[in-house]
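Here you go, one structure.
By convention in this document, chain letters (A, B, ...) are assigned in the order of the sequence lines, proteins followed by strands, and residues within each chain are numbered from 1.
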Amino acid sequence: EVQLVESGGGLVQPGGSLRLSCVGSEFSFSNNAMTWVRQAPGEGLEWVSTLVGDGHTTYYADSVKGRFTISRDKSRNSLFLQMNNLRAEDTAVYYCVKTALARENGGWKFDLWGQGTLVTVSS
Amino acid sequence: IVMTQSPATLSVSPGEGATLSCRASQSVSSHLAWYQQKPGQAPRLLIHGASTRATGISARFCGSGSGTEFTLNISSLQSGDSATYYCQQYNNWPPITFGQGTRLDIK
């Protein structure tokens, strides 16, 4: 079964760091763009970051730019999100998402989601 | 691009149909997707390209529209369709943007 499993969430103090991991099974990360999407408690979906192509092309939401880093380990079929200088407003469930590129414009469609991992930023 | 969904909440009886709306602040052509998120679960892709059902999605889900106005129609509603539905544009990116969601209750 094709699936994504996230880990690494937890409670962290403001200003702290956390590294999220996502492992995929039954498909290759090397051939797919991958994205992190988050959802604050009781709120909607917010795009966070996407990694495309050879893994060196990355995009970030303004709210996390300069603090978060997305990366990939092809050998372990894994995706990561290094989160530094965390703030209370970063509290959310973080989803790892397999990303399909639309043929007509390369736009990002999210066709497989992990179950999510909860990050809580609080003192 | 700001995506605005309406209504915020919709309550419908089993067997009836529902119409969910999504409006973009500027044209997104047909580069629009719909997702379903059931309580306690991750979202699931329903529709992409405004009207193409994703793999395994029931024909009861029908997307339409282009430009700035989009609709998701769900027919013959079942209790299992209770969920929050989100639209997402992928015409101008980054950033990718989602609507705020429509919660559909089947009662």
Side-chain angles (χ1 to χ4, degrees), chain A residues 1-6 9 22 24 26-27 32-52 57-65 68 70 92-118, chain B residues 1-9 20 22 24 26-57 63 66-67 70 83-104:
Chain A
E1 178 186 1
V2 179
Q3 64 176 352
L4 296 164
V5 179
E6 303 95 334
C22 170
E26 303 299 327
F27 76 96
N32 287 280
M34 296 295 297
T35 294
W36 290 96
V37 173
R38 68 184 180 184
Q39 186 171 35
E43 301 295 325
L45 302 172
E46 180 188 12
W47 170 75
V48 173
S49 179
T50 296
L51 182 151
V52 300
T57 303
T58 57
Y59 301 88
Y60 298 93
D62 286 345
S63 58
V64 306
K65 199 173 295 183
F68 290 13
I70 190 172
V93 173
Y94 285 73
Y95 293 102
C96 170
V97 191
K98 177 175 165 289
T99 302
L101 305 184
R103 279 180 299 184
E104 60 275 18
N105 74 337
W108 306 330
K109 302 176 286 183
F110 305 131
D111 61 358
L112 179 68
W113 298 62
Q115 86 290 348
T117 186
L118 176 62
Chain B
I1 297 177
V2 177
M3 308 301 292
T4 303
Q5 293 185 240
S6 61
T9 304
L20 286 64
C22 175
Q26 64 188 75
S27 177
V28 298
S29 185
S30 61
H31 302 133
L32 184 107
W34 289 93
Y35 300 86
Q36 176 194 62
Q37 185 178 32
K38 296 181 181 181
Q41 295 185 19
R44 174 176 69 149
L45 177 66
L46 293 177
I47 301 284
H48 60 94
S51 60
T52 302
R53 280 186 296 277
T55 302
I57 300 302
S66 66
F70 300 88
T84 299
Y85 293 82
Y86 295 95
C87 61
Q88 172 234 328
Q89 69 82 20
Y90 54 95
N91 189 67
N92 288 33
W93 44 268
I96 289 291
T97 48
F98 294 90
Q100 80 282 14
T102 290
R103 193 181 85 184
L104 177 62

Most chain A-contacting option - heavy-atom pairs closer than 4.5 Å, from B:A54, B:P43, B:G101: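 The residue among B:A54, B:P43, B:G101 with the greatest pair count is B:P43.
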
Euclidean distance, B:Q88 CD relative to A:W47 CH2, rounded to 0.5 Å: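 The CH2 atom of A:W47 sits 11.0 Å away from the CD atom of B:Q88.
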
Part of B:N91 within contact of chain A (heavy atom distance under 4.5 Å): both

Minimal non-hydrogen separation, B:A42 against A:W113, with atom names: CB-CB, 3.9 Å

Heavy-atom pairs under 4.5 Å with chain B, option from A:G44, A:G114, A:A61 with the top count: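 Looking at each of A:G44, A:G114, A:A61 in turn, A:G44 comes out on top.
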
Pick from A:A100, A:G106, A:A102 with the largest number of heavy-atom pairs that fall under 4.5 Å of chain B: A:G106

Reported CD-to-NE2 distance for the pair A:E104 and B:H31, which is rounded to 0.5 angstrom: 4.0 Å

A:T35 OG1 to B:I96 CD1 distance, which is reported to the nearest 0.5 Å: 8.0 Å

From OH (B:Y35) to CZ (A:F110), nearest 0.5 Å: 5.5 Å

Check: A:Y60 and B:P94 side chains under 4.5 Å, non-hydrogen atoms: no

Chain A contact via B:Q37 - which portion, at a heavy-atom distance below 4.5 Å: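 Looking at B:Q37, just its side chain touches chain A.
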
Chain B contact via A:Q39 - side chain, backbone, both or neither, heavy atoms under 4.5 Å: side chain

Top contributor to chain B contacts, counting heavy-atom pairs under 4.5 Å, from A:N105, A:T50, A:V37: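 Result: the option with the highest number of such pairs is A:N105.
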
Distance (rounded to the nearest 0.5 Å) between A:K109 NZ and B:T52 OG1: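 Result: 7.5 Å between the selected atoms.
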
